[in-house]
Each structure stands twice: as C-alpha cells, then as structure tokens.
Enquirer: 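Starting off with a structure, shown below.
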Amino acid sequence: MRKCLGIIVLDFILVVAATAFEKDIRPILENTCLKCHGGEKVKGKVDFSGILNLEQAEEQLDLWEKVVDVLETGDMPPEDERQLTTGETRTILDWCHKELAKPIEAQPGIFQPRRLSAPEYRNTLRSLFGFDLKVSIATAEQTLSGEQSLVLKLLPIDPPGVSGFVNDTHGTKLSPILMDQYLHLSDAALEKLFSIKGRKQLSFLMGVQKSEAWKPYDITLEEANTLISNFISRALRRPIKAKMATQVSKSLERKIGEELLKAIKFEMKAILMSPAFLYRGLLMEGKPGIQQSVDSFELAERLSYFLWEDRPDDELTELASSGEISKPGIIAEQVSRMLLSPNSRSLAESFAVQWLGLANIDDMFKNDPGDRGHGMRTQPRDFLHYLFTEERPVMELIDSRVTFVNQSTSGFYGKDRQRLARFHKPQGVERQRTMNQRLELREAEGRGGILTMPSILIMNRGPILRGTWMLRRILGVELGEPPADVPPIKPSPRGQKLSFRERFAVHRENASCSRCHNKIDPLGFALDGYDNNGRYLLGEAQKKNLKTPIDTSGQLPGGETFEDFEELKAVFMTSQRENIVRNIVEQTLTYALCRELKRFDQSTVNTITKNLCRDNGTWKSLFTQIANSLPFRETFIQNAKHEESKLED
Amino acid sequence: MKSRNWRIDRRTFLRGAAGALVPLPFINLMEGSADNGIRNLAGDTQPPVRFMTLFKPNGVHPPSWNINGGMENDFRMSPLMKPFAKHKEDLIILDNMGDFGFSSHSNSTRRFLSGHHNNRKSASVDQIIADKISAGTTHRSLELTTEGLFTNQIDCSYISYDKKGGRIPRESDPQLVFDRLFRNPLRDPNQRRHISSLLDRVSNDAKALQRIAGAEDQATLDEYFTAVRETEKRLEKMAPVSGSKGVDFSSLVRPESGVNLNEQVEAMLDVIAMALWTDSTRCISYMLGNSNSRMIFDFLGIKKQHHYLSHFFRNFSRSNIDSLLKISLWHMEKFDYLLSKLKSYKDHHGRLLDHCVVLYGSGMGHSDNHTAQRIPIVLAGKGGGQLKTGRYLRYSQNQELSRLHLSLLRMFGVESDSFANSSSPLPGLGGGSFDEYRERPFTSWVKSEQGKMTVQGRLRMSDNLDEAKVFYMDIKDKPPVRIEIGFGDFHGFNVAYHVGTPITLSGNSSERNGQLVITRITEIKSVFGNSKPGKAGG
C-alpha cells in the first residue's frame, strides 16, 4: 500500500537535497538506528533498511514524523544504546522538518474497492428487499433481547480498520465463514421475498401488482426478466450492462413454472454472492494511471453510504444517470434532503458511536435493559442526531443548551425537568421504558454539551480516563502507548496523606510520565466536580454537603489557566476552538472516505476547518463541504501494471 | 432377554417360511428394525425414547387449574386443562407436586428441571438424560426459548443447566434452528450441490470483472477468489452424513418468520416435532416465556403485562382475571399444539408421541403469593411403554419435583441413586401402586363461640371468578365456611399452600345471612402435613 502511494507522490515532488539524504542522513541511520530498525531486528515496525535514497525516504513521510517525535522527546535512542550527538540530532531534525514542510497539494486517494461492513450490508439488503431480516424473539420489558437483526447476529463483527472506523474494511479479509453467512442470508432474504410476506416488494420489483393468492411459479418469462433486471441494477447500484442482461435472460429462456422460479432464484442469489454486490466500487468506470473524477454512480454511492450507510435511493440513482449529481449545488440539495430522512440516524449510530467510543456506555449498562440503561444509551445518540440533522453549529458538541432525557435521566437536570411532558404509566404495566424528550437547559447547573453528559461521565470514570478521552476524541491528540517502564502511581509517603491529585503531581515529576500527564491531568481533574455516577457535586445545593472542597483548577501545557470546568469549557470554545473543529473535520472526513487520512488530505482538512471556524459552521455545512471536496469526488486508479512492484515488497 | 431371543428367532423363521401370512404384531416388529431403532445385543431394535420439556411461566391461577376431587382413573379435567383435554388418554396429571414455602421467580424456574433451587452445581435433568440418550444423533440437545434475558433475576430465563450448574444459552428463532438442523450442507447433499454450482457461477462472473480491473481491484478479487476456493474445498471435504430415517431434508418445509408470539411459538413447535421425528436430537427443552415475564400479549388483545396480571390477588379485578386466564389458556393451547403434532407423525409402528416423554408445567403454583406447592405438572406420551397414561395422580403430601426427576432419570436408563434432595423416585408413573400416598380419611367439623371459630375440613378456593380472594372449607353435611381475608393473612399464613388439603383453621368469625364467614386467621394446622410451611426459600 505504502509503496503504491509513493509512486504517485513521486510524480510531483522535486528531486532536491538528494545528496543531503544520502550523504548526511543515511550514514547516521546506519551507525545508530539500523541495528534495531532493519539490521539485526525490526523493532516497533520501524525499518530503515530499504531506505537508501531520497526517493525511498520521501515515500515514507509518516515515518519521519515519527522520527521527529521520538527525537524531540528523547525517547530514542534507548539509554543503553549508542547516543546521537547534538549535532547529529539537529541534522536529522532539520532535514525532517524541511521534508515535512514541503507543501503537498490535495490529491485523491488510490481507488480501493472495499467490502460492505456488516451494518452497511444489513441496510443494503433491507432497502433492496424492502424488509428487515430479523431474529424471531419476543420482546418484553426489562428483557435483553440481544441482537435482533439476523444480519448482525450472523455476521462476524467487523473490527475497526486503520482509520478507526468499521467502514474501513480494507484490512479484514473475506473469510469462508463470512461466505457461509452470506449464503445463508441470501437464502433467507430470497425465501421471504417469494413468500406472501414479501409480496409487496416482489410486485414492486416485477412492476406488476400481484395479490397474495398469486403463486410465484406462475411468473411469466417477461415478468421474470423485468424482475431480474430491476433487482440487479438495484443490487449493484448502477444500470445493468447489456452483456449481463443477455446472459441472464439466456439462462431463463424456455423455462416455465417451478423450473423458471428456480432459475430466477439462482440468478438472484448469484448476484447477492457476487463481488460486485459485496464490495463497493468494483464496477466503477475509469482509466488506470490518472487522477480523475469518480463516475456519477460511484459518487451517488459514496454519498449514500456516508450519510445513510445504505445504497443510493431512486432519487440519487436518477441524478447519477443524468449526471446532475456531479454539480456541487445538487450535492448540497441532496445532503439537505438526506439528512431529513430517518436513514441519517446512522450518522449518530455508526459514525458518532465509533468516533466517541459510545459503545462503552452499552457495556456499562449491558445488564440494564430497563429505563435507566435505555436513557443512558440513547441520550448522547439523540443529542448528536439533533446536531447533525437540525443545522446546529459543530461547536455545539461542546456547548449546547439542548439535551435529551427520559424519566430516568431527567433527574440530572434539576428544575428544568419540571418542563418535561408528564409521563403516565398505563395501568397494568409494572415497568416501562420511556422515550427521550427534548429538554432546553435553563437552570440546570454544570450541564450542556457532550462533555458533562451523565453517561459520558459514567463511561469515563476518574480524571485519567476523562482526560484521555477528551484529548483523543475531542481535541484529536494522539498520546501513543504509555512507555513500557511506566512506574506505578506511588502511594503517599509515610506520614503524609496526599490526595489522588497530589499523587499525580508527584507522578508528573518523572519526565517520561509528564510527557502525557501534563496534557491529561488538567483536563481530567477539571471534571472532578462530577462523581462516578455522573452527578454534579458543585451545584449551589450540593456544595454544602461537601466535606472537603474540590479543586478543579488547572493549567494547560500552553500556559492557559482555569478555575473550574466552566472556564475550561470557555477555553475550548475560544483558544482551543480551531483544534476541536479540526479534529471534527478529520474524523468526519475519515469516516466519509472510509480510509485513514494521508498527508495529502491535510489541505482539504485545512480549508474546511477554516471555513467552519470563520462561519461558526454547522454539521450540515461540514457534510456538504466534504461531499464536494476533492478526495470525495476524485480518485486515482492504480495501474494494474504495478502488480510487479507489489510483488517485490 | 429370553423372550426377546425367542421373538427374533420367530421373526427370522416367519420371514423365511410364512411370507405374506405373517400376523400383524410381527409385521410391526419387523418395521421396527428398518431405520433408526436402537439395536440391542440380540440385534433387535426399539424406537428411541425422546425427552421434551415445555415450561409455562408465572405459575397458575389455582382455582382454574386444580382438579377438585377425582380419582386416579375417574376425573374431570379442570377449566384450564380444556385445551388439551382431548389428549386425556395420553397424559398423567400430577397433583400435589412441590415444596414448602414460597418461591421466588428465579428459584421456581431453577426448580422445574433441577428439582430444587439449591441444586446449583449439577446438570438439570434434561441434560443428564441428553448425555445418556444422544449417542448417534447429530445434535445432543436443543435449548429453546421465546424471549430474551431477564437480567434482574437471570435464572428466570433458564431451565437447562450444564454439569457445573451453568446456564445453557437458548435459541429463540425457529428458522435458525430449522436451518441448523436441516439446511446444513454437511447433512444435505442437495444443499451441497446447490452451493457448488453457485460458487462456480459467481467465480466465472467475477473473472469477467478481473480483466478490466486496476491493481487494487485485483487484490480485492484475489481475496474474494481465495474465500470461494476455501469454501469449495471445505464442501469437498465434508463427508456425507446419511440423514437418519432416510428422510430427504429438502422435503421439510422451512417455517415462515412469525408476525407475533403465537406464530413464532407454533413455528418452533413444528421444528421441534420435525427434529424429534427425524431423530436429529432426542432431548429438547423449550420455555414459553421467562418466569417473571412482563410480556404483553397484544395478539390476544391484552394491554397489561403478564407478570402484573399473574398477581391476581393483589391486582384483583374481574377483567384482570379474564386476561390472565386468556394468557394461561394460550399456554395450554400450545401444549395441545405440540401433542397434536407429535401424534401426527408416524414413528415405527406407532405415533411419535408414544416414544416420547413430554414434561409440561411450571416451577410455582399460586402465581400471586408464589406458593411452591401444587405446581402444575403434566406428563404426556407413553415413553416407549414406560408411562401408564390416562391417569390423575394426586399424592397426599406434596412431592418434591426432584422425586419426579429421579424417576425420569431411571426411565431413561441413568443409574442414579439420588437427584437434588431426593433419593427415592416418584411411585405410580408406570402404573404401579402408589397407595401409601393416598390421603388418609379425616373428619370435618366446625366449632364456634363469641366471634371465634375453629373449623376442620378441606380448604379450597372459590370457583367463582369474581371471588379471587375468597376460600371455602368444606364440612361434611354442613354448608361450607367462607374465608374472606386480606392479603396480610393470605400471605402470612400461606393459605394458598394448604389449598386442597385438610386443615384445622381458627379465626375471628361472623355470620352473614346464615353463612359462616372467617375474616381473620389466628392459626392454621395441617391435619397430616407440615403446619408451618415456612415463608422463605422453597
């Protein structure tokens, strides 16, 4: 992969400073680094052995980013190995900074087909067949029914890809187990389609209304051909090719009754098992070796899988057929329309859940199928769905006067809860899960925005988890793994009674700890006014009950100080604003592209970040800008000839 | 053993010499050797006996369930038994099964197949039986249910437990169970052929794509082809397992997905009957619901939760009782559905039901105060001749379910000295004597002075559905004494526990229109049994 990437990067990087690398950098690497990184062994997957000249060096810019990081922090070389002189360190750092600073023009990623993720497969099957495949299970109050989608129950869970999102399926292979389950699910869907329960959708696909009394083996050859060509173009998300249509109709020829029905089912199943259905992008038309716009059906597909996690509907398909879809104005209109559809719920349920790690809330409450667990699980999702679909500014993620509560979670919101619609439990119902209501926050203390949402505070217990979560998920700071020799947090010295906070202050005196904890601790301790059950301890009424005062003050590594979480939030909304918006843009773009962002995506990120910061831009504007961005609309098809170079790896 | 040898000799002789003149009983015997019989040492075969249990959640409304009076061979089915009354000749209805005291929902669920709620370290009876009889079947056992997990009291969701007393996961989807049993390519050569030709086809189609694809596409397609090839290889390697009974599995109809609980349960019962008939498994447990289930039976037009309704004393209203009975009748209808299915299949020379033992029932009796006594328990099927059906067995003292379990274990050939709390099996199931368990005679009388009354006789609940809180004591040659008490006395003296048995009851009384009424209880003594049935545990 990296190799392929290098090949295009090469096209426009000027060959300068070649001598500098081979003359100045390579010898230092050989003397100092190569022993552990490519010589006797390859530690930490860092391998310098294949980097002999500038060309090869420039193929691995990410590696040099890492080099800068470990040299600046002094993590490398290890203490018991040969050390670099100050001059050598300087030389490498200067060279790296120069290389990394070279402006990179935005360019699209290499075209990569990818398998539909499990939820995408479920949704695609659902919209293709017009019904959901469900596990038969009776539902009852306070009962955990488990996964009710047959697709999600049977398919193995897709692990997140390199990008961190499960729609990046490039890394997970199509296993024979997956094949078995696809076979099974195709059977189940086709069987239902031809039963009475699928009659509505079957009629629709055949273009003829059929009653329940009608028997599928009475299908005529003409109806069969309509059915199959409708089915194929919908399944493959683009018009059926003439050659394929001929082939299919040939296989149905001269058949009637049961035999014809059997042939139809066979053809349909073959489509459901074909790579063109199971993968996205295999049918895109384009020329290898050049940068180009994706074809209009691919664009429609990209948009619908981004916002809906589903195949394009009829309107998108029509716009693709006419080519209209490639107009930026049309894209904006479609984004507006699509966000209003219930399908856009997938943005909250898939994108946001993965980005913010909300599945941890499900784990915390996995034994609570009742009202409280339900309220905890749904509150952040409903809130994010509201932000995404109701034209809210992206920064309302941090600060908002709206939240969503049910009977169990409303207790966190003081007097504001009195404005909720009264709930009446019907007679004879002992327990009932209640739905969330939208609540405007007026008097509730210490609430508003995702950071102080009860379920988020419960999911992240204690200052360290809370600080880390804010850094990684909100500010987009990657901390890396803690060093292997990390000392445990020391207990209080004899005769002294240090608080948790004070003990961490001691911990930070160690330089290798302070590297991360200087960033984590101030954020985390700022939330000490909230206990592990998500309750706010510093409200006017609650404060009186405190035995010892709670210190929520802190100083960010940049020097900014704050007294309490409200002040930290103000910092987030002002001086940290750009960092947060940038992270939001990066996360959303990553999800939209289904791949890890590369250096050449930075200028796209920069542009969108700048726009959103300037306009206090909304989520809808973010989605639209992404859908109209270069990496989303264009691609580069790798020349098949490069197969040989791949083999060299 | 001796007689069997004789029969074999005789059969061989008849086959050779008498041909078509073979009298009927011998024809049957020869049929038995044709397919899935268990071959004994002499080479003779018997159809395997299957074990099936069906669990009814949330106890019963005793006045509607209990049989009042009645003799072993001369009894009338109760109103709740109506739905399966037509199977009377294939049933043994057991009465006075249970334990002392009250029972939580989770304890009662555990009791159903484990005998006692403290029996937590051993397998439930169905699992021990499965170990014994499953040899040669493709599926050792099936553990089935209708709904999800009730996490508040997790044991409410399980009746089957493994060797260490661990909960065995259950499956609720009839189609998934059907596919596991009958659409497995390993078992079905037709299925295998179909998959093979499909894989051929998709590979060919995909090859056409390859020619126009770029480098990344090719990598993707390679991955796809690898998966296809591996699947093909696996198919080739699968040694065909001949379907027992020679049944062509593709002729079995896959159930449709149900739109409501009724359809879901009937589909599952269909699959269960097919599974037993094809001898795919010999042991199945199925829960019609979790105990404590708050399911809403909307398809019966009921909007209230089952658990709420089951507390019919506290939540009394005539319409609640009607709803509760509707739900209970539905549970009984499903038992009928199962029995009818099992009768409809021919198995060897009889009906499938003849070679089954079906255990139907619950783990608690009175559903409002959770009395662990008079638990509804019915056995169905002849168990290969080991059960003498068509009878009503009422034991004079309550019999722990573990005695029944021990009997079942012995019936299936498990050599076991004890199960849970019991070391002697329940007598009378095979038709043997259970005289010692018949109730001894007792006298009934009533003494009353200055608002106090002591009365001895058999306690019963009112038959009138408008009087869910009212009990009567029958006195010989006198009008019955009415007992009309609050929930405190009802629960405090565990009145429901004594229902159906002779007791001596003292309390405050009055006379209303010539009817003696007891309004507060001061003491209850059991004439024969345990006076203080206890409150906890059980």
Side-chain angles (χ1 to χ4, degrees), chain A residues 4 110-115 134-146 150 173-176 178-180 183-184 187-188 191-192 195-197 244 266 269-270 273-276 278-279 281-283 286 288 367-370 426-431 637-643 646, chain B residues 145-152 154 157 172-176 179 183 194-195 197-199 201-202 205-206 208-209 213-221 223-224 226-228 230-231 234 254 256-259 261 264 267-268 289-290 293-296 303-309 315 320 323:
Chain A
C4 310
I110 289 183
F111 193 81
Q112 275 184 300
R114 73 177 181 83
R115 186 170 54 74
K134 289 210 156 173
V135 179
S136 245
I137 188 161
T139 51
E141 200 55 47
Q142 285 193 302
T143 304
L144 212 63
S145 297
L150 185 67
K173 282 205 168 160
L174 177 65
S175 63
L178 207 46
M179 276 304 234
D180 284 359
L183 281 164
H184 184 101
D187 276 338
E191 194 168 309
K192 191 165 176 185
S195 78
I196 287 170
K197 284 176 179 128
M244 190 182 221
F266 188 83
K269 195 170 167 190
M273 291 304 295
S274 73
L278 296 170
Y279 290 81
L282 276 176
L283 296 177
N367 286 328
D368 183 0
Q427 211 230 332
V429 169
E430 293 167 310
R431 297 271 190 282
I637 299 178
Q638 182 66 55
N639 213 318
K641 268 186 295 201
H642 288 283
E643 195 69 354
K646 234 173 98 189
Chain B
T145 191
T146 42
E147 55 174 325
L149 294 179
F150 185 74
T151 51
N152 269 6
I154 192 75
S157 313
S172 70
D173 188 295
Q175 291 186 329
L176 281 179
D179 291 342
R183 289 292 180 264
H194 172 74
I195 297 177
S197 58
L198 189 88
L199 292 177
R201 168 62 183 279
V202 293
D205 287 357
L209 280 173
E216 287 293 333
D217 310 84
Q218 284 190 358
T220 307
L221 288 170
E223 176 188 306
Y224 178 83
T226 310
V228 170
E230 278 175 46
T231 308
R234 238 164 14 111
R254 188 173 188 257
E256 289 205 7
S257 55
V259 292
L261 182 68
Q264 180 193 324
M268 189 66 100
N290 293 333
S293 176
R294 294 205 162 83
M295 199 138 42
I296 291 181
K303 303 252 178 323
K304 296 179 179 177
Q305 293 174 343
H306 184 200
H307 179 254
Y308 169 87
L309 294 169
N315 303 321
N320 282 355
S323 297

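Order of the sequence lines fixes the chain letters, A, B, ..., with proteins taken first and strands second; residue numbering starts at 1 for each chain.
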Enquirer: Using non-hydrogen atoms only, which part of A/P275 is less than 4.5 Å away from chain B: side chain, backbone, both, or neither?
Expert: both
Enquirer: Counting only heavy atoms closer than 4.5 Å, note whether B/I154 contacts chain A via side chain, backbone, both or neither.
Expert: neither
Enquirer: Salt bridge check: are A/D180 and B/R234 linked by an N-O gap of less than 4.0 Å?
Expert: yes
Enquirer: Is B/S197 close to chain A through its backbone or its side chain, or both, or neither, when contacts mean heavy atoms under 4.5 Å?
Expert: both
Enquirer: What residue, out of B/K303, B/E230, B/R254, has the most heavy-atom pairs lying under 4.5 Å from chain A?
Expert: B/R254
Enquirer: For residues B/S172 and A/S136, report the shortest heavy-atom separation together with the two atoms involved.
Expert: OG-O, 2.6 Å
Enquirer: Where on A/R431 is there a heavy atom nearer than 4.5 Å to chain B: the side chain, the backbone, both, or neither?
Expert: both
Enquirer: Checking B/H307 against chain A: side chain, backbone, both or neither under 4.5 Å from a heavy atom?
Expert: both
Enquirer: What residue in A/H184, A/Q142, A/K192, A/E141 has the most heavy-atom pairs under 4.5 Å with chain B?
Expert: A/Q142
Enquirer: Examine whether an atom of A/F111 lies under 4.5 Å from a heavy atom of chain B, and if so say whether it belongs to the side chain, the backbone or both; otherwise answer neither.
Expert: both
Enquirer: Side chain from CB out, backbone as N, CA, C, O: work out which of these in A/Q427 comes under 4.5 Å of a heavy atom of chain B, or both, or neither.
Expert: both
Enquirer: Looking at A/E430 and B/R294, would you say the former's side chain and the latter's main chain have a donor-acceptor pair under 3.5 Å?
Expert: no
Enquirer: By a 4.5 Å heavy-atom criterion (distance strictly below it), what part of A/L174 contacts chain B: side chain, backbone, both, or neither?
Expert: both
Enquirer: Select one option (side chain, backbone, both, neither) describing which atoms of B/L309 are under 4.5 Å from chain A's heavy atoms.
Expert: neither
